[in-house]
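A short write-up of the structure that comes next.
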Amino acid sequence: MVSRFSQLAPSKWSYSQWRKFFMIAAIWNIFFAAPASFWPEFNMKIFYDVLYGEDYAIILNRCFWIFILALGAGFGVVSKAPEKNHGVLVIGVIVKIALAITWFGLVLDRMATFVAFFCALGEALFVIYFLYYLVSGPTHEETEAAV
């Protein structure tokens, strides 16, 4: 059982495992952002328990999720060569910190649902891993030298 948890330790990950992780980050963003971009009213219901929103709120919600979708595409690019895309990761850290704090706050104020809480937890977890990679993650050169 301990060995399964040790697989979550980023210090043990190879370069190729990090590339897979960044693809998972891309899928995470796209999984939530794509439907929310096409069906913002449904998204507002599952995240904030709002049946009907003002037109501007729906438009802003859609714009927000389109930005998250673009960021997910950026993480897909990062998965191809993480060592060359630190800027996308830094932006990802900033956005994910802001999202986690915002969603945790909204949940505490009872203005958001469990879905928002789950997403806030996910965002916080991604922040930890992104920061670890930025500080200590392997580079492609290190991986090739080790082989």
Using 0.5 Å steps for rounding, measure from the [atom1] atom of [X] to the [atom2] atom of [Y].
X	Y	atom1	atom2	result
Y56	L60	OH	CG	8.5 Å
S16	F21	OG	CZ	14.0 Å
N61	S37	CG	OG	8.5 Å
I58	E41	CD1	CD	4.5 Å
N29	L69	CG	CG	8.5 Å
F47	F114	CZ	CZ	11.5 Å

Given the rule that I, L, V, M, F, W and Y join up when any side-chain heavy atoms are under 4.5 Å apart, are [X] and [Y] in one cluster?
X	Y	result
I66	L99	no
M23	L125	no
L131	I94	yes
I59	F64	no
I27	L89	no

Indicate the atoms forming the closest heavy-atom contact of [X] with [Y], along with that distance.
X	Y	value
A120	A100	O-CB, 3.7 Å
P82	H86	O-CD2, 3.3 Å
P35	I30	CD-O, 3.9 Å
G76	A26	N-CB, 3.4 Å

Can you give each donor-acceptor pair under 3.5 Å made by side-chain atoms of residues 102-110, sequence neighbours left out, with the distance rounded to 0.1 Å?
unit_1, atom_1, unit_2, atom_2, d
T102, OG1, A98, O, 2.7
W103, NE1, Y48, OH, 3.0

Examine distances only and state if a side-chain atom of [X] and a backbone atom of [Y] form a donor-acceptor pair shorter than 3.5 Å.
X	Y	result
Y133	F22	no
S79	K20	no
R62	P40	no

Quick one, [X] and [Y] - any side-chain contact, counting heavy atoms below 4.5 Å?
X	Y	answer
F67	V95	yes
V50	K45	no
T113	F117	no
Y132	I128	no

When W28 is tested against each of F75, F118, F130, Y129 for ring pair (Phe, Tyr, Trp, His ring centres under 6.0 Å), which residue passes?
F118
